[in-house]
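Here the structure is laid out as structure tokens; the discussion comes afterwards.
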Amino acid sequence: MSRRVLSAEISHETNTFSIQPTPLALYKARRYYRGEEIAKAFSGTKSEMGAHLDAAKRYGWELRQPIAAAATPGGKTTAEAWAELSGEVIGACERGPFHGVLLALHGAMVTEDRDDAEGDLLLRLRAKLGPEIPIAISLDIHANVSDAMARLSNIIIGYRTYPHIDQYERAMEAANLLQRAMNGEIHPCSLVGRGSLLEGCDYGRTQGGPMSRIIDRADQIRQKEPGIHAISIFAGFPWADILDVGPSVAVIGEGENPRFKFIAEDLMKEVWETRKEKTVPLCNLKEAMDEAKKEGKGNGPLLLADFTDNPGSGGYGDGINLLRAMVEADLPNAAFGCVPDPEAAQKCIAVGVGKEFTATLGAKIDPQTYGPSLRIKGTVEHVSDGTFTALGPMSKGVRFSMGPTAVLRCGGVRVLVTTHNMQVYDLEVFLSQKIDPRACSVVAVKSWHHFRAAFEPISRGVMLVDSGALVSMDLKRFPYRKVRRPIWPLDLD
Ligand SMILES: [Zn+2]
């Protein structure tokens with residue numbers, strides 16, 4: 001029997017301390033496909049929607065895909081954008097009936113009028129579908145999984161890797177369980193356990209460290225215990241002032257069983273016990289420049305990752321403190337990606353390739369935190385529309401756009417001046433702009449961890465640099481009001 005499945009993606013990681021709201025325009029700048037555009041954009045890609053399409057082929061589903069939308073992490077999604085995005089999914093649901101629902105939701109989305117956007121979407125879907133139709137969702141390892149999300153969905157599958165290189169596989173796992181649930185072979189129920197923690201699991205890093213160990217232990221439990229379909233460990237996303245923030249464990253069991261709750265709580269104990277374990281040292285600008293000025297040992301560039309301005313955590317991206325330090329240090333043969341500054345990008349493009357130009361760069365969204373802008377003289381070396389296809393391993397084959405983009409050379413430092421804000425984790429960000437990062441001695445990226453998948457293999461070393469931007473690891477600096485109290489590290493040690 002052919003089954004009809006509702007499939008959609010709405011993805012945002014919301015930093016509620018950002019002053020820059022996320023309207024529909026920022027979804028359209030990053031990813032916004034409707035109806036048949038979705039299959040065209042994602043067929044054959046290693047993405048969650050790519051997995052939905054492949055699962056439909058494998059199982060002979062009739063797929064209805066209203067929307068696939070994602071914005072770069074940032075401030076709260078506007079109420080208007082949320083009404084539009086969620087309305088697409090609810091509208092499609094009303095044009096059912098459906099045998100099952102498969103959603104790619106990031107799981108850390110806050111809107112101007114909803115602290116738990118995913119919970120809101122699932123509540124409205126449940127109201128239309130009734131209690132019997134299975135709902136399966138895949139989530140980022142940095143999801144803040146709410147009680148509502150667990151209560152309203154049957155299947156929750158989180159990524160198991162950071163950098164996220166298993167998005168396709170996890171969405172496929174959700175699809176496989178959904179198929180079995182639609183067949184009546186299994187009757188999955190989700191539950192979530194949480195602790196008194198704002199952050200944990202070494203921010204979700206999966207190259208050794210506590211996250212890898214806890215995932216391994218969860219696998220052993222799943223194999224040993226009867227009736228468990230999946231266990232996902234979430235590191236959470238701490239820059240969100242909401243009640244259900246923080247690391248969590250989601251257990252997908254056969255029916256309801258108090259044993260599953262015990263398992264979630266037991267794994268959360270290990271999250272608590274390892275909360276102070278960090279595998280990556282952080283450094284300041286001076287330490288980074290001292291190292292960058294040294295003759296490099298080994299091949300490839302030294303990578304400097306500005307984690308405090310990581311667009312993937314809601315940083316504005318237009319921070320210029322690390323760039324300023326690199327220009328002042330007069331580094332030869334360095335590349336910097338990126339400074340999203342539409343005004344400066346347009347000016348560079350208007351001036352033209354080969355011309356000199358004094359730019360006022362960056363720190364324009366929140367000058368109080370990021371300012372002042374950087375006055376910098378350079379030569380425009382390259383201009384383009386800023387589009388590229390990701391080489392991977394993350395998002396391999398997916399098309400991205402930085403918007404109109406220019407390369408400005410300031411001494412030995414070449415800086416990408418882009419229109420859109422995006423985390424740098426693919427070599428094509430540079431290669432598409434005629435900069436080969438493998439031939440540079442220093443490469444700076446706005447990223448916290450994702451860059452490692454593509455950039456670490458070509459590098460001679462990595463340093464995580466605190467440039468003083470929005471996404472500080474010192475959580476006590478932020479004015480939390482809505483999180484559960486007491487909570488580590490705000491109140492507990
Ligand atoms: Zn993530």
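Numbering of ligands and ligand atoms starts at 1, following listing order.
Here the shortest heavy-atom pairing between P66 and E88 reads CB-O, 3.5 Å. Contact detail for C93 and L6: the closest heavy-atom pair is CB-CD2, 3.9 Å.
Residues passing the salt bridge (charged side-chain N to carboxylate O under 4.0 Å, His left out) test with K396: none are found, sequence neighbours excluded.
Checking D140 against the Zn ion (ligand 1), an N/O/S atom falls under the 2.8 Å cut-off. Taking backbone and side-chain atoms together, H106 has no N/O/S atom less than 2.8 Å away from the Zn ion (ligand 1).
The ND1 atom of H142 and the NE2 atom of H164 meet at the Zn ion (ligand 1) at an angle of about 110°, given to 10°.
Between the side chain of D202 and the backbone N or O of P210 there is no donor-acceptor pair closer than 3.5 Å.
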